Every structure is written in C-alpha cells, then in structure tokens.
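Everything numeric in this text was worked out from a predicted model, so none of it was measured. Numbers restart at 1 for each chain; the letters A, B, ... are given by sequence-line order, proteins then strands.
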Amino acid sequence: MTYDFRKIEEKWQKFWAENQTFKAENNSQKEKFYVLDMFPYPSGAGLHVGHPLGYIASDIYARYKRHKGFNVLHPMGYDSFGLPAEQYAIQTGQHPAITTETNINRYREQLDKIGFSFDWSREVRTSDPSYYKWTQWIFIQLFNSWYNKDTDKAEDISSLIAIFEKEGNQSVNAVCDEDVAAFSAADWKAFTAKEQQEVLLQYRLTYLAETEVNWCPALGTVLANDEIVNGVSERGGHPVIRKKMTQWSMRISAYAQRLLDDLTMVDWPQPLKDSQTNWIGRSEGAEVTFRVKGREEVIDVFTTRPDTIFGVSFMTLAPEHELVAKITTSEQKEEVEAYIAATAKRSERDRMADVKTITGAFTGAFAEHPFSKEPIPIWIGDYVLAGYGTGAVMSVPCGDQRDYDFAKHFNIPIPNIFDGVDISEEAFADKEKTVIANSDFLNGLPYKKAVKRVIFELEKLEQGTGKINYRLRDAVFSRQRYWGEPFPVYYVDGMPQMIRAEHLPIVLPEVEKYLPTETGEPPLGNATVWAWDVKKSTVVNNQLIDHKTVFPLELNTMPGWAGSSYYFNRYMDPNNKEEVFSQEAITYWQDVDLYIGGSEHATGHLLYSRFWQKFMFDKGIVPKPEFAKKLINQGMITGTSAFVYFVVARFAKDKQFYIAVSKSAWGRVDEVIKNWRNTHPVNEKAFRYSILNRIHSPVEYVNSSDELDIESFRNDPMYSEFKDAIFIGEKGEVIKDNNDTYIVGREVEKMSKSKYNVVSPDNICQEYGADSLRLYEMFLGPLEQSKPWNTAGITGVHSFLKKMWRLFHGGDEGAFLVTDAEPTADNLKTLHKTIKKVEEDIENFSFNTSVSTFMIAVNELSAQKCSSKAILEPLTILVSPYAPHIAEELWSKLGHATSIVAAPFPKFEGKYLVESSKEYPISFNGKVRFKLELPADLSKEEIEAAVMTHDKTQEQLQGRTPKKVIVVPGKIVNIVG
RNA sequence: GCUCGAGUGGUGGAAUUGGUAGACACGUUGGACUUAAAAUCCAAUGGACAUUAGUCCGUGCGGGUUCAAGUCCCGCCUCGAGUACCA
C-alpha cells in the first residue's frame with residue numbers, strides 16, 4: 001500500500017468536521033488553554049504561503065496541548081470590514097457584503113485543506129450585524145464613561161454628574177480636554193441640557209472633537225500620512241489639504257501610564273514592547289509659562305530639561321501655533337506669513353523627512369525670562385510640531401542639538417550654562433555629566449537636583465510645574481467610509497445621543513453609491529433610510545426627519561480596529577445574543593494563553609486591544625487587565641521576484657517596440673543595442689531608445705535556473721507590450737530557435753500579489769498534501785525569523801512522510817505490518833530521545849528542529865527495522881500535531897476507534913538514554929586530534945590517566961610534557977602544552 | 001539619525017548553559033534497480049594542499065578574555081524591520 005495522501009487527508013478532514021472534533025466546551029473539568037491567531041482580512045487574492053505560517057505553528061501548539069490534557073480553545077474568524085472590498089464596490093457596484101462573502105468562502109476552503117484544528121462553531125465576522133452589535137455596545141459603554149485619575153480607572157458618567165451637581169468641576173481629577181472651563185455646582189444646575197452635554201463630552205472616553213486631518217477634496221476622503229506622497233494623494237495624484245473636521249476620538253491617552261506599566265505583565269517579544277513604549281513616549285519634565293513682553297498672552301512650553309532654563313536664548317513656536325498671528329510685529333508680518341504659507345504646503349511627512357534644511361522666521365516679539373526677566377526673541381520654525389506638547393519650545397542651544405543648529409543658522413547667541421564643557425562645535429546633552437553654571441540659584445548643581453530646584457522656584461512664581469508628557473495621542477475613531485460599523489448615534493440639536501442597547505444592532509444601510517456625496521459627506525450620506533425615530537425606536541426614511549421625534553443618524557463609520565479590539569473575548573461565547581459574552585464563559589476562559597501574529601500590528605491593533613481590555617477590566621466586564629499572556633511574532637515569508645529588463649526602442653514618432661535584454665547582457669546594454677543595430681540597419685536619425693527599465697515577471701514563467709519561458713511571457717495578456725518584443729539572450733544576441741536563454745534578474749522581496757511572486761498553498765496541497773505543506777513551512781527555519789520561500793526542498797519532507805508510512809508497512813504487498821514485538825534497547829533509545837527533543841522544541845516554539853528530529857527518528861527506526869507497536873504508536877502521537885492526517889490514518893490502523901487528538905502525549909523516560917560509554921574528543925591546544933571511547937562512569941583522574949597513556953597522545957606530544965590537562969567529564973579532554 | 005533583529009557550506013538551516021562547527025534537508029556528482037523515465041535505495045559532498053597518513057584555513061571584519069569562542073567583551077561593516085525633528 002502506498003501513501004495516498006489525497007485520500008487520507010480528505011477522509012480525516014471530513015471526519016473532523018462531521019464529528020466536531022475540535023469543538024471546545026465552555027464547561028469542562030479540564031484546565032483551559034486558549035491559542036489564538038490574528039484573524040485575517042479576507043482579500044480577493046486568497047491565502048498565500050505566508051499566511052499559514054503562524055496558523056500552522058499555533059495549530060501544532062493547540063494539538064500538543066490537547067495531547068497534554070487541556071481543554072483547548074482554538075478559534076478562527078474574519079476581520080471582514082475593510083477598504084479593498086469598498087474599493088471594489090466603488091469600481092463595480094458590487095455590494096461589499098457579497099465580495100466579502102465570496103472571499104471568506106475561498107479562505108475557508110483553503111484553510112480547511114490545510115487541516116487546522118479550528119473550532120469553526122465559534123467563527124466570528126466583524127462585518128456581521130450579530131457581531132458588530134457588540135462593537136456598537138462597547139462604543140456606548142465608552143461614551144458613558146469618564147476616567148477618574150483618583151481611582152485610576154474608568155467610571156460611569158453618572159458618578160461624574162453627581163460630583164458636578166454637588167461641587168462643580170474644580171475638585172474633579174479627570175482625564176479630559178485641555179481647555180475645560182471651571183464651573184460651580186450652581187453653574188452646572190443653571191446650564192441648559194445642551195450645555196451640560198457639551199461639558200460631559202469633554203470628559204467622556206469617546207468624544208466628538210475637531211481634529212486636523214489630511215483631506216483630499218478630489219477623492220472626498222481623509223488620507224493617512226502614508227497615502228500621501230509629495231503632498232498629493234498616492235492614488236491619482238490629487239492635492240491634499242489640512243482641514244479640521246469634527247470626528248469621534250477615543251481617549252486612549254487616559255490609559256497611557258497603565259499601558260506602559262502593564263507591559264511588564266505580559267510575555268511579549270521585547271522589540272514589540274519597545275515599539276509600544278516608544279509609541280506611548282513618556283517623558284518627564286516641566287511645563288513652564290513665559291510671559292510675552294508688553295502683551296497679555298503667555299506661552300506655555302513643555303521641556304524635559306527645566307534645569308537648562310538659564311540657557312534659553314530664544315523660543316520657537318510651531319508655525320501653526322495660535323499665538324503666532326497675535327504676537328507677530330508689523331515689520332515681521334510679511335516674512336512670517338510667507339514662511340507659514342511655505343510650510344503649510346509641505347505635508348507633515350515632508351517636513352519631518354527633511355532634517356538637514358533649517359528654516360524659520362523671527363516674529364519680532366519677545367518673551368520674558370521667568371527668572372532673569374531678560375527679553376527672549378520668539379521665532380517660529382517647522383522643526384517644532386504643533387501636535388506634540390504645547391507646540392512651543394524654550395530653545396536651549398547649548399543643550400539641544402536642534403536648537404544649536406537653529407541658533408547657528410540664524411546667528412542667535414549660544415550661552416554656555418555647563419561647567420567645564422566646550423560647546424563651540426556641538427550641543428552638550430549628557431544629563432549624567434551635567435553641572436550647571438551661569439545660572440543664578442542653580443550654579444553648581446547636577447541635573448537631578450537642578451530640575452527639582454527649578455520646579456520648586458517656578459511653582460513659587462506660579463510660572464510652571466513638574467509634568468509628565470506622553471507622545472500617545474487620542475485615537476481618531478471616525479472614518480468617512482461605507483464598509484465599516486455604523487455608529488449607534490443620532491443627533492439632537494447637534495448633540496450626539498446614544499441609541500439604547502436593546503435596539504442594537506444598527507445595521508449598515510443600503511446605498512446607491514459607495515462614494516462620498518457631492519456635498520462632501522461620507523458615503524452614508526447617500527442612504528435614504530438613515531434617520532432615527534425615537535418613538536418607534538427604529539431606523540426610518542430621511543424624509544421623516546423633523547428634529548422632534550425623528551433625527552439624523554451619524555454618517556461616519558468606525559475604523560478597522562474597532563471590531564478587532566475585543567474579538568478574542570467574543571470567541572469565548574460567540575453566539576450569545578444577550579451579552580457580549582457570558583460571565584461563565586469569560587470566567588472559565590479568562591484570557592489568551594498564546595497569541596501568534598505579525599509584528600506589523602505592534603502599535604495599532606495590539607495597543608488599541610490593550611486599551612479596550614483595560615477599559616472593560618475597569619468596568620468589571622473582563623477579569624484580566626491584559627488579554628494575552630504570551631505573544632509570538634511569526635516572521636515574514638519573502639518571495640523571490642523575477643525581473644525582465646527591457647528598453648523601449650523608437651524608430652519613428654509612433655513606431656516603437658520593446659527589446660528585452662537578458663541579465664548579464666543588461667550590464668552592457670548600450671553595446672548590445674549597438675551590435676544589434678549593426679545587424680539590423682535602422683533609420684539612424686529617428687532611432688533612439690530612452691527608457692531603461694525592468695518589470696516584474698510572474699514567477700511561474702521562470703524555472704529554477706532563472707530562465708524565462710519567453711513564449712508564455714509573450715502570450716500573457718498582462719504583458720501585451722512584449723507580444724512582438726525582441727529578446728536578447730545572455731550572449732548578447734537575439735534569441736531564436738533556443739540558441740540562447742533569457743535569464744531574469746532575481747530579488748528577494750516581501751511576498752505580495754503586486755510583486756507577482758506569490759505562491760498559493762493550493763498547488764502544494766494538491767501535489768504533496770497538507771501534511772507536507774505543514775511540515776515544510778515549519779522546516780523552513782525559526783518561526784520568528786523572516787525567510788525566503790523556495791519550494792525546492794519540499795520533496796525532502798514529503799519523502800520523510802513516505803518513509804514513515806513505509807515504517808508501518810511491510811510484507812510482500814506492503815500491507816500494514818506492526819507487531820507486538822518487544823522493543824529493543826535501540827528502539828527505545830530512539831523513541832525517548834525523540835520524545836524529549838520534540839517536547840522541548842514545542843515548548844520553545846522551535847518547530848523547525850522537531851521536523852529534523854522526526855526525520856532522524858524515522859531514519860534510525862527504519863535502519864533498526866523496527867515494527868514494534870510499543871514504539872510506533874507513541875511516535876504517531878508525537879508526529880500528530882505536525883502531520884495530523886497521516887497520524888490519524890496510522891492511529892486508526894493501529895486499531896483505535898477514536899481520533900488521535902485526545903491521546904495522551906508520550907512520557908519521556910530518561911533511563912533509556914543512559915549510556916555506558918562516551919566517545920571523548922581528545923584535543924591538543926584546543927584542536928581535536930582523535931576520539932577515544934571510554935566508560936561513562938570514569939572519574940576525572942581515571943579519564944586523564946586513560947588519555948595520557950594512550951599511544952596517540954604520546955604521538956601528538958612527541959615527548960613534550962603537557963602544562964595542563966583539562967578534563968570535563970561527559971564533554972571533552974583538552975591537553976595544553 | 002535612533003531602536004530592535006540578523007550575518008554559519010552552492011541553498012534552507014543545526015549547534016538550548018562557552019566544550020567534537022556544518023545535524024536534518026535541498027542541490028550536485030557517482031552508483032544500484034529499470035528498455036527508459038519516475039519512484040526508491042547506496043555512496044560522496046565547507047575550502048585548500050596531499051597518493052595515503054594527514055596538515056592548514058574556516059561561522060561578516062579587526063581586536064580581546066579563556067585550556068577552549070559561532071556562542072562572552074570592545075570597536076567596526078553589511079543587510080532587514082520598525083520609527084520619524086517628541087522639546
């Protein structure tokens with residue numbers, strides 16, 4: 001019997017589905033274990049081999065934990081709201097829900113073929129109303145909460161209202177907007193209902209605020225920084241302007257410190273923690289108030305170096321700073337306005353990218369030094385960002401390189417306030433070595449003491465205070481898109497009102513067009529049935545809006561990260577219609593034990609999810625402040641792209657064609673073209689070739705020797721311009737009748753459809769089977785490292801599976817042949833060293849090395865001609881997390897009626913590995929010269945004696961007396977001298 | 001620039017605490033089986049020198065510590081990822 005993997009894999013995939021083998025129970029006496037994958041966005045391109053890498057690893061771990069007796073939760077779902085489906089809808093009119101459904105079905109088919117042990121009864125889709133009902137519900141919870149800094153947690157808004165009614169807002173220690181006006185209890189009571197709502201919005205954890213966005217009028221949408229290139233939209237090249245828009249924001253900044261502190265609670269990769277730490281960007285310092293000479297206004301600055309306050313020789317404001325227009329003198333007005341106009345044209349990205357050019361303008365105004373009362377010139381410069389801190393800095397050129405460069409460029413004095421430091425070449429920023437001088441009461445103090453003292457003095461003057469600043473800013477939560485969660489929000493007199501939870505979900509309305517409206521409203525502005533009737537508690541036609549009982553609904557939708565910020569909790573009880581999840585479910589499952597996914601989500605998904613988790617923890621909805629104990633980043637799989645090099649040759653105005661030039665000929669392309677012209681006379685006057693270029697060729701047209709299949713390439717409609725192209729081969733001559741070959745250029749790039757280098761797992765499943773694919777993806781290398789995809793090695797793991805199959809089969813017909821023979825000592829040794837290694841490997845997520853271990857085990861057992869059930873049965877269990885189909889088949893052939901998945905993992909017993917002798921490497925001055933077999937239980941002295949009396953030792957020494965003999969029992973002997 | 005990660009044969013990689021560098025595969029070469037191919041099996045395979053025995057070199061580069069360094073320390077180089085003037 002041969003190894004018929006197609007039949008076997010189909011059989012067991014069907015068996016698992018029919019028997020719901022991987023269904024996890026919410027009530028179990030077993031210990032729980034939750035293994036989670038980052039759920040995919042179902043794109044139209046389907047899965048490529050990079051996707052399953054992490055899924056295979058987590059599946060191995062999940063199956064392993066089942067063997068270890070755990071009740072394992074291993075779910076999968078889809079992050080199914082997103083831009084590509086919407087873009088496709090805009091182009092084709094096809095409803096995104098249909099595209100999404102099609103894509104999900106394709107994903108499911110592909111995932112099923114790989115044999116994952118997902119509990120599909122728990123599948124979630126973020127775009128499904130039964131799911132986003134709870135996304136909307138959480139939004140409402142956030143709206144109805146504020147952050148109390150005294151208790152350091154989120155509380156219900158009612159507790160805030162109670163305080164306002166009793167004593168106004170002066171004693172409230174809350175995270176809120178910067179510019180909240182003070183009011184008393186009497187004031188509060190005198191406010192209109194609308195005024196009260198306006199005040200509360202300044203405290204809510206999700207709130208409406210004016211946010212500056214990159215607005216692209218032509219596309220009618222807001223663009224992310226990286227969708228803008230050189231100030232125009234990446235797609236279409238339309239102008240982009242900075243515009244203020246009222247949008248929902250999430251007060252994630254309230255959680256900045258806890259998000260930072262609790263990183264110590266989780267076992268996540270250090271680089272990932274580092275990038276979250278940097279993103280949160282905590283800095284300690286002081287806020288200092290500078291008076292503006294001769295005016296009412298003051299300038300607040302944040303500084304991490306208040307100790308250098310006597311080194312201030314100018315101040316710099318961001319060009320966007322609101323005071324700029326007020327304080328600029330009439331003489332400087334023209335220059336300042338010109339400068340502001342020039343910087344406004346540059347995107348934030350551009351401004352940041354250009355570090356070398358120093359620009360700025362003097363406002364003509366002066367500030368007053370808080371202590372010396374000296375005048376300080378006020379400048380504006382685009383190295384100061386409006387969005388960070390207060391948008392203004394006190395510039396200390398002797399202590400900060402950017403300030404130093406600015407001062408040098410504009411000839412501003414650079415006073416030195418450091419004792420014994422030369423600042424003629426560059427600024428001095430070493431806090432540890434700082435001793436302050438020329439600074440009045442700070443003279444002679446080191447950094448820390450000076451900071452303390454200066455804050456004390458500033459507080460006395462009421463011109464400053466110690467402050468901790470975070471880079472992390474509140475997250476904008478509105479998107480001007482169609483394919484996202486609608487907000488459960490309607491507007492009464494311009495104030496947002498939440499729809500009551502029992503009326504959720506508010507389902508996405510139908511629209512004619514998925515584009516923004518002509519008046520620039522988001523796509524939901526096209527909906528005709530999109531108004532809220534408070535009497536009927538239902539969505540009704542817009543024409544009924546009367547602002548009495550029928551009100552307009554919110555037109556924005558939620559961002560992609562909304563649905564993905566709590567899905568891991570919803571999996572615990574995904575079909576619950578009454579609650580986001582039952583208390584029983586969350587109490588049993590608690591949190592994720594192992595989360596595997598890409599590192600690109602370090603500061604997006606993984607930060608927002610932690611934020612929502614903490615919020616829900618504060619509200620008593622979840623029992624843990626962190627949602628995932630351990631996280632592993634799987635490495636990226638890179639593909640080898642192929643490039644065809646070509647020139648476009650023109651003979652006359654409208655007569656041109658392509659000349660593709662092979663890789664080594666490309667290096668001397670001019671010479672090659674010249675030679676070609678000598679043999680193909682052309683009109684010298686008209687002829688020119690100008691465009692030297694290269695284009696991605698689909699990798700399937702290139703063989704392993706990098707030779708291009710020219711016919712296929714020519715005939716691919718995607719490359720119609722090469723239909724009649726001339727191909728010049730390696731030798732620099734035109735290719736005809738296979739006289740030469742065309743060699744493509746190769747480059748390793750991220751695997752991506754746009755680079756034509758993707759490899760789908762489907763072909764490999766078809767040709768070699770899912771078990772081969774699973775083993776091979778693991779065999780490629782360490783899970784966390786990025787690695788190139790190359791199918792060349794797949795035959796290795798495939799023939800391993802065949803060898804393993806043969807181990808269980810013998811006799812004339814190759815029938816199943818496993819005996820009850822007593823295992824030999826060698827058999828047991830092979831088995832137990834395999835158990836030990838595989839168990840260690842899985843615990844260390846070192847899946848690549850266990851594949852080698854299996855190969856060694858099967859090679860050894862084959863050589864030992866082992867057919868003993870006592871060996872082969874445990875071996876089958878060891879292999880089963882990696883290659884589950886073949887394992888199930890062999891398991892059933894071994895006589896088991898039930899699935900292998902619950903079989904207990906074999907126990908390692910050290911006694912089988914005890915060796916009676918050890919082959920010692922004998923080295924001289926660190927170089928191994930020969931090996932010596934010695935009994936394992938010899939003492940150091942006995943080993944030394946045995947080695948020194950050996951002939952070969954004497955031969956090596958040639959009469960010399962060794963200076964020293966190092967004996968490490970069980971390891972090595974080294975003779976020095 | 002900063003932060004993090006990596007650099008080992010023709011290729012993917014192994015060496016878990018400093019102790020026999022190159023496990024396990026792929027590829028290549030030779031052989032067996034076959035009319036042939038596929039499949040399978042066997043052997044060789046880091047480089048140089050050498051008939052053999054063996055010798056020398058060798059984990060990005062330069063130093064160092066050690067009886068012993070891919071592994072530890074110092075200084076560099078290259079590649080990859082992330083980040084963006086954060087006051």
- Query: When you compare B/G12 with B/G27, how far apart are their P atoms, in angstrom units rounded to a whole number?
  - Reply: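 The same atom, P, in both gives a distance of 15 Å.
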| query | Where does B/G9 land, syn or anti, once you apply the within-90°-of-0 test for syn? | reply |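 Base orientation relative to the sugar is syn.
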Under 4.0 Å, counting only non-hydrogen atoms across every strand here, what does [X] touch: a base, just sugar-phosphate, or nothing?
X	result
A/Arg806	sugar-phosphate
A/Ile966	base
A/Ser799	sugar-phosphate
A/Pro921	base
A/Glu784	nothing
A/Lys963	nothing
A/Phe779	base
A/Asp403	nothing
A/Asn469	nothing

Taking only the side-chain nitrogens and oxygens of [X], find out if one of them lies under 4.0 Å from OP1 or OP2 of [N].
X	N	answer
A/Arg929	B/U55	yes
A/Asn974	B/G19	no
A/Thr603	B/G82	no
A/Arg305	B/C86	no

Of the options [options], whose atoms approach the side-chain atoms of [X] most closely?
X	options	value
A/Val968	B/G19, B/C85, B/A14	B/G19
A/Trp279	B/A87, B/A84, B/U3	B/A84
A/Thr795	B/C86, B/G27, B/A39	B/G27
A/Lys971	B/G19, B/C85, B/A14	B/G19
A/Asp382	B/C85, B/C4, B/G82	B/C85
A/Pro271	B/A84, B/U16, B/C4	B/C4
A/Asn844	B/G12, B/U16, B/C86	B/U16
A/Pro782	B/C86, B/G13, B/C67	B/G13

Exercise. Please state whether the base of B/U16 and the side chain of A/Lys837 form at least one donor-acceptor pair under 3.5 Å?
Key: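 Indeed, a donor on one side and an acceptor on the other fall under 3.5 Å apart.
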message = If you define the side chain from C-beta out and look only at heavy atoms, does anything of A/Phe314 sit under 4.5 Å from A/Phe406?
response =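 Yes - at least one pair of side-chain heavy atoms lies under 4.5 Å apart.
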| Does the side chain of A/Tyr3 reach to within under 4.5 Å of the side chain of A/Leu801, using non-hydrogen atoms? |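 A/Tyr3 vs A/Leu801: side chains touch.
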Dot-bracket assigned to RNA chain B with the 3.5 Å Watson-Crick/G-U criterion, [ ] for crossing and | for other-strand pairs, is (((((((..(((......[....)))((((((.......))))))((((....))))..(((((..]....))))))))))))....
Whole angstrom is fine here: how far is it from [atom1] in [X] over to [atom2] in [N]?
X	N	atom1	atom2	value
A/Gln785	B/U8	CD	P	10 Å
A/Trp379	B/A87	CH2	C1'	18 Å
A/Ile380	B/A87	CD1	C1'	17 Å

Exercise for the section: Quick one: closest heavy-atom pair of A/Phe854 and A/Leu878, and the distance? Expected result: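 For A/Phe854 versus A/Leu878, the nearest heavy atoms are CZ-O, 3.4 Å.
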Check A/Trp805, A/Phe779, A/Phe5 against A/His798 for a ring-ring contact (aromatic ring centres under 6.0 Å, His included) and give me the one that passes.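 Among the candidates, only A/Phe5 passes.
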